[in-house]
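To start, the structure itself, in structure tokens.
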Amino acid sequence: MPTAGVTPQNRVETATMNDHRRLGRELDLFDTDPLMGAGLPYWLPDGAAVRHALEEFVRGREQRAGYRHVYSPVLGKRELYEISGHWSHYRDDMFPPMDLGAEQVVLRPSLCPHHALIYRSRARSYRELPLRMAELGGMYRSELSGVLGGLTRVRAIQLNDAHIFCTPEQAADEAVAALELIREAHRALGIRPVRYRLSLPGEGGKYVADPALWQRATALLTEVLERSGVPFEAAEGEAAFYGPKIDVQIADAAGRESTLSTVQIDFHQPERFGLHYIGADGAKHRPVMVHRSVIGSVERVVAHLIELYGGAFPAWLAPTQLVLLPVSEGEVARAEQLRRRCLDQGLRAEVAGPEHGSLGARIREARLVPYQAVIGPREAADERVALRLRDGRRLDPMPAEEALARIGALVGAFAAQLWEAAAPAGE
Ligand SMILES: [Zn+2]
């Protein structure tokens, strides 16, 4: 559960207890194999269920906010990254190119260049803008093997990404809306950012040299933060090579900070890719690209949620949402029948029968499962269940149909709470 008011001492204890690598292994969420390689975790069925729920959540929020989703390949020709500037500014973090006949292809270090090409593939009118293009896609980073571990330092990253192509006049509004979408999603997930950072360039040749561009983008992002009313700190040396960004920072149980979500305003890549739209005046104009990520990479956000909840996820995220506990052999068939009904309804349910030990032992074993439905002979006979909630509450036996419907409604609404206090009227 989220920890409030931690002292340095219990922070260290919580950090060890809730380390996502330890929990990930204990809860069978993900793992690695030396033969797949360091920094290339795979997701086990329970971890994949959490990830799938999260992806569905974020896609739904994006769809409601007017985004359209695309898919684009994880490879691109080297020239693509030469145009985007990644090749000259970011090559150290990229995998070496692969020779393919007379060409070289590269595992992409970001999705932006692909989205710029998709934008460029059709003539665009000002009437289409803002054009919000989203993708949950793979990107790759050649981290050194010494720093790899768990889900937080990986070489293959699934990024919740989007690019909004808009007019210069729309850029601030779009960035404000993106920041609001981020804050809403964080509230729904129980994520509490530790700070908002305005990330500016620092010394060195890592950054695109165009002072006017940096000033313009920085002024816009400052306006966005002020309009959003969030306190923020500026930090030098944390910008993307092509522009400044707003970083939403989170901390793990040990207090180590990292960036989860970002909003960026980019004048550079539209220029490099020669993007344009036809304005109301019939002339060609340059759009602005707003880059944003609501939940960051799937790997990092799941690592954070594992530590935040210690494995006791909200029901909609839980790998198993409902465990059916037949008291004795006689109720197993009824439990199996209910499990099939749950699956039909899209709920993730398991049966833990008497072969797994005493009822008490099975309840303890299922302590992270949000709902436990005990089915004794009486419940089996009159098609009721006695629900126990993960937080210890025990509800009076109710019709099984009603229990499943109410759980389904809470899960469908991505609810943080396990139960609605008020029962629906009439029964
Ligand atoms: Zn981007």
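Residues: numbered from 1 along the sequence shown. Ligands are counted one by one from 1 in listed order, and the atoms in each one are counted from 1 as well. Since the structure is predicted, the reported quantities are computational estimates derived from the model, not experimental observations.
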Checklist line | Check: Arg132 side chain, Ile164 main-chain N or O, donor-acceptor pair, under 3.5 Å | finding: no
Notebook entry, point to check: In this structure, are over 12 heavy atoms from other groups packed under 6.0 Å from Asp92 atom CG?
Noted result: no
Check: Is the distance between the ring centroids of His86 and Phe241 less than 6.0 Å?
Finding: yes
Checklist line | Test: Glu420 and Arg406 ion pair at under 4.0 Å | finding: no
Next item on the list: Write out all pairs satisfying ring-ring contact (aromatic ring centres under 6.0 Å, His included) with one or both partners inside residues 249-282, taking only residues at least two apart or from two chains.
Entry: Tyr277-His285
Next item on the list: Taking the Zn ion (ligand 1) as the centre, count the protein N/O/S atoms lying under 2.8 Å from it.
Entry: 3
Notebook entry, point to check: Going by distance alone, is a donor N or O of one side chain under 3.5 Å from an acceptor N or O of the other, for Glu62 and Asn160?
Noted result: yes
